[in-house]
Each structure stands twice: as structure tokens, then as C-alpha cells.
Amino acid sequence: PKTGLYRIAMRERQNLVSGNFVTRKLSINGVVPFAEAENLQFVYSPKWQVEVLGDGETEFEFYFVEGEEYELRLEVTLGDLADILRQVQESITNLNYVYRQILIITGPSPDPYRDYNLGTELADCMEILREESARLKSVMAAIEDKAGVKGSFTSSLEKTVVRVDAMVKDPDTIPKKFVDFRNCIVGLGAWIQSAAQQNLELDYIAALPKDAPALRADAGFLENTGMAFMIFFGSFVNDYSTI
């Protein structure tokens with residue numbers, strides 16, 4: 001309605017995977033207004049929330065002209081998650097190499113009572129396992145830093161780290177843990193597929209004048225109570241058999 005600076009607010013919810021964040025790229029009339037708009041992040045929350053677009057510290061402002069029409073488009077993008085997925089993919093490649101080296105010595109069904117002396121025979125693989133454990137721990141820390149909370153999203157990574165650390169600590173137990181190790185690698189592959197799904201529910205988008213108060217995500221107590229009474233009394237007059 002008036003020319004000036006506006007903030008863009010969205011009532012949104014990302015409640016499918018705890019401990020994860022999703023990313024969107026914003027364009028206005030087909031143009032990304034500035035670099036930060038290519039990496040808008042929405043963190044996990046079990047409830048609806050009103051998010052004013054920003055970088056976590058500063059709310060972005062957009063200049064709109066009175067009487068003109070604007071098309072706002074949100075495009076799914078991996079953003080900061082792209083580097084995280086690349087790191088995990090590299091880890092899978094290296095862990096698969098270790099798996100094949102163990103397979104050469106023990107075969108597909110290792111004898112749990114035989115001493116394969118893997119700590120000495122595969123000393124280079126033990127070092128690879130240490131490096132991949134450190135890499136996955138760094139990835140988990142990066143995800144938790146971005147999401148602001150630890151959740152189920154990193155459970156597959158954490159399980160792999162625990163298994164790899166145990167193998168490095170006591171190589172003699174690797175034959176007993178060989179199948180679990182393989183399953184962890186498979187789980188990392190499935191994790192990449194699920195992590196790339198950037199699900200986000202969006203209720204509405206609002207353009208707020210620069211000095212306008214923030215919007216509420218939910219109705220207040222009195223509004224909820226009033227609606228409850230309306231529903232209750234309406235139940236006596238509505239003919240539900242016709243619906």
C-alpha cells in the first residue's frame with residue numbers, strides 16, 4: 001500500500017525431523033535480492049512459529065514500491081547442508097574401503113573366535129577409522145550448531161561413531177562387529193537420502209512495515225477459549241448428518 005521498507009514474515013513449521021534445519025532460496029520477481037537470501041534457514045519446532053526472514057541476528061528489509069506487484073518465490077536448496085552431505089559421502093567412501101579390506105581377510109562371515117590380528121594387519125585402516133570418526137563428530141557439531149538443538153536427525157551418525165570408536169579401541173572385536181559396521185555404512189547412505197528432503201509447512205507470508213510489531217504464531221488464551229465456546233454451542237445447532 002505504501003512505498004518503503006518491509007520485513008517478510010512467514011508462519012511456518014518444520015516438525016518432521018528433530019535436530020534438523022531446512023533451507024530455502026528467496027527470489028522477488030525472479031531476482032535474488034542479496035546473497036543472504038540464497039540461504040534462508042528454518043530450524044525444527046514442534047509448533048507453528050512466525051519467522052521474520054533474517055540471519056539470526058538481523059531481520060532483512062526489502063524495498064517495495066506502492067502500486068507495484070511482486071512475486072515471491074521460495075526454492076528448495078541444500079545451502080549449508082550441501083557441504084555436510086559431501087562430508088558424509090566422503091566418509092561413506094572411506095568406510096567402504098575399510099569394510100572391503102576387512103572382508104578380504106575375514107570373509108563375509110568372520111569367525112568370532114579366531115584371532116585375525118587386524119590391528120596390525122590393517123594399521124592403515126585403523127587410522128582411516130580414527131579420521132572418519134573425527135569427521136562425523138565435526139559434522140554432528142555443525143548440524144547441532146545450525147539447528148540449535150540436538151535431535152534424532154543425527155542418530156545414524158552418532159551410532160556410526162560409537163561403532164567405529166569401539167573398533168579402533170579394540171580391533172580384536174571387529175569380527176564380532178563386522179555386520180553392525182556394514183549396517184552403519186548402509187544407514188549413512190539412507191541418512192543422506194533423508195537429509196536431502198527439505199520439508200517445510202507454510203501457512204502464510206506477510207509483508208510487515210519496518211516498524212510494525214511482530215505477528216503471533218498462535219491465538220491467545222481468550223481467543224482459544226472463545227472459539228471453544230463457539231464450537232460447543234454450535235454443536236447444538238449444526239446438522240452434522242448433512243455434512
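Below, each value reflects all heavy atoms present in this structure, side chains not excepted, and no hydrogens, waters or symmetry copies.
Residue M227 is found in a hydrophobic cluster whose other members, listed by chain and number, are I231; membership requires side-chain heavy atoms under 4.5 Å apart, directly or through intermediates.
The shortest distance between side-chain heavy atoms of E59 and L53 does not fall below 4.5 Å. Considering only heavy atoms from C-beta on, V52 stays 4.5 Å or farther from I8 through its side chain. By the 4.5 Å heavy-atom criterion applied to side chains, I28 and F62 are counted as neighbours. A 4.5 Å side-chain heavy-atom check between L157 and I143 finds at least one atom pair inside the cut-off. Residues L78 and T23 form no side-chain contact, since every pair of their non-hydrogen atoms from C-beta on lies 4.5 Å or further apart. Residues N15 and E201 are in side-chain contact: their nearest non-hydrogen atoms beyond the backbone lie under 4.5 Å apart. A 4.5 Å side-chain heavy-atom check between E158 and M140 finds at least one atom pair inside the cut-off. Taking the side chain as every heavy atom from C-beta outward, L118 and P175 approach each other to under 4.5 Å.
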Next on the checklist: Is there a salt bridge (Lys or Arg N to Asp or Glu O under 4.0 Å) between E66 and K2? Walk through the geometry before answering.
Outcome noted: CA-CA 5 Å; E66 178 181 354; K2 296 175 62 177; over 6 Å; no

Item to check | Steps toward side chain to side chain contact (heavy atoms under 4.5 Å, CB included) verdict (R13, F42) | outcome: CA-CA 8 Å; R13 180 173 64 177; F42 302 88; over 6 Å; no

Next on the checklist: Under the criterion side chain to side chain contact (heavy atoms under 4.5 Å, CB included), I'd like the reasoning laid out for R130 against E127: C-alpha separation, chi angles, the key distance, then a yes or no.
Outcome noted: CA-CA 5 Å; R130 293 187 186 94; E127 183 59 31; 3.3 Å; yes

Next on the checklist: Please evaluate residues M126 and I174 with respect to the criterion side chain to side chain contact (heavy atoms under 4.5 Å, CB included), reporting the C-alpha separation (whole Å), side-chain torsions for both, the decisive distance (0.1 Å), and the verdict.
Outcome noted: CA-CA 11 Å; M126 295 301 105; I174 291 179; 3.7 Å; yes

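Taking every heavy atom of both residues into account, N199 and V22 meet most closely at O-CG1, 3.4 Å. Contact between L200 and Q14 at its shortest, heavy atoms only, is CD1-CB, 4.0 Å. Contact between D111 and Y116 at its shortest, heavy atoms only, is N-OH, 2.9 Å. N39 and G79 make their closest contact through OD1-CA, 3.5 Å (heavy atoms, listed as atom of the first residue, atom of the second, distance).
More than 12 heavy atoms of other residues, nucleotides or ligands lie within 6.0 Å of CZ in R86, so this atom counts as buried by the packing criterion.
Between F34 and F60, a ring centre-to-centre spacing shorter than 6.0 Å is recorded. Checked against a 6.0 Å centroid threshold, the rings of Y6 and F64 count as neighbours.
There is a path of hydrophobic side-chain contacts, each under 4.5 Å, that joins I128 to V139. No continuous path of hydrophobic side-chain contacts links L26 to F21 [ILVMFWY only; heavy atoms under 4.5 Å]. The cluster map of Ile, Leu, Val, Met, Phe, Trp and Tyr, joined by side-chain heavy atoms under 4.5 Å apart, puts V186 and L95 in different clusters. In terms of hydrophobic clustering, with Ile, Leu, Val, Met, Phe, Trp and Tyr side chains grouped at heavy-atom distances under 4.5 Å, L40 and V50 are assigned to different clusters. Follow the hydrophobic side-chain contacts under 4.5 Å out from L72 and you reach L74 in the same cluster.
Judged by distance alone, the side chain of N224 and the main-chain N or O of G220 form a donor-acceptor pair under 3.5 Å. Judged purely by atom type and a 3.5 angstrom limit, W191 has no side-chain atom pairing as donor or acceptor with the backbone of T154. The backbone N or O of S156 lies less than 3.5 Å from a partner atom in the side chain of T160, making a donor-acceptor pair.
A search for side-chain contact (heavy atoms from CB on, under 4.5 Å) contacts involving Q193 returns nothing, not counting sequence neighbours. Applying the side-chain hydrogen bond (donor to acceptor under 3.5 Å, both in side chains) criterion to R182, with sequence neighbours excluded, gives no partner residue. Taking the side-chain contact (heavy atoms from CB on, under 4.5 Å) definition, one finds that S133 meets it with K137, V161, V164, D165, sequence neighbours left out. Under the side-chain hydrogen bond (donor to acceptor under 3.5 Å, both in side chains) criterion, E223 pairs with R216, not counting sequence neighbours. Residues forming a salt bridge (charged side-chain N to carboxylate O under 4.0 Å, His left out) with R11 (at least two apart in sequence, or on another chain): D203, D218. T173 meets the side-chain hydrogen bond (donor to acceptor under 3.5 Å, both in side chains) test with K177; sequence neighbours excluded. Scanning for side-chain contact (heavy atoms from CB on, under 4.5 Å) contacts around A206 gives Y204, L208, L215, with sequence neighbours left out. E132 meets the side-chain hydrogen bond (donor to acceptor under 3.5 Å, both in side chains) test with S91, N94, R135; sequence neighbours excluded. By the salt bridge (charged side-chain N to carboxylate O under 4.0 Å, His left out) test, E75 pairs with K25, sequence neighbours left out.
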Please tabulate, for side-chain N and O atoms in residues 96-110, each donor-acceptor pair with protein atoms closer than 3.5 Å (sequence neighbours left out).
| from | atom 1 | to | atom 2 | distance (Å) |
| --- | --- | --- | --- | --- |
| N96 | ND2 | I92 | O | 3.3 |
| T106 | OG1 | I102 | O | 3.0 |

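Annotation: the span from M167 atom CE to C184 atom SG amounts to 9.0 Å, rounded to 0.5 Å. Interatomic distance, Q87 CD to L81 CG, rounded to the nearest 0.5 Å: 12.0 Å.
Classification of the F236-F232 ring pair by plane angle, with boundaries at 30° and 60°, yields perpendicular.
With hydrogens and angles left out, the side-chain atoms of Q41 and D80 include a donor and acceptor closer than 3.5 Å.
Counting only residues at least two apart or in different chains, side chain to side chain donor-acceptor pair (under 3.5 Å) contacts with residues 47-57 comprise E12-Q49.
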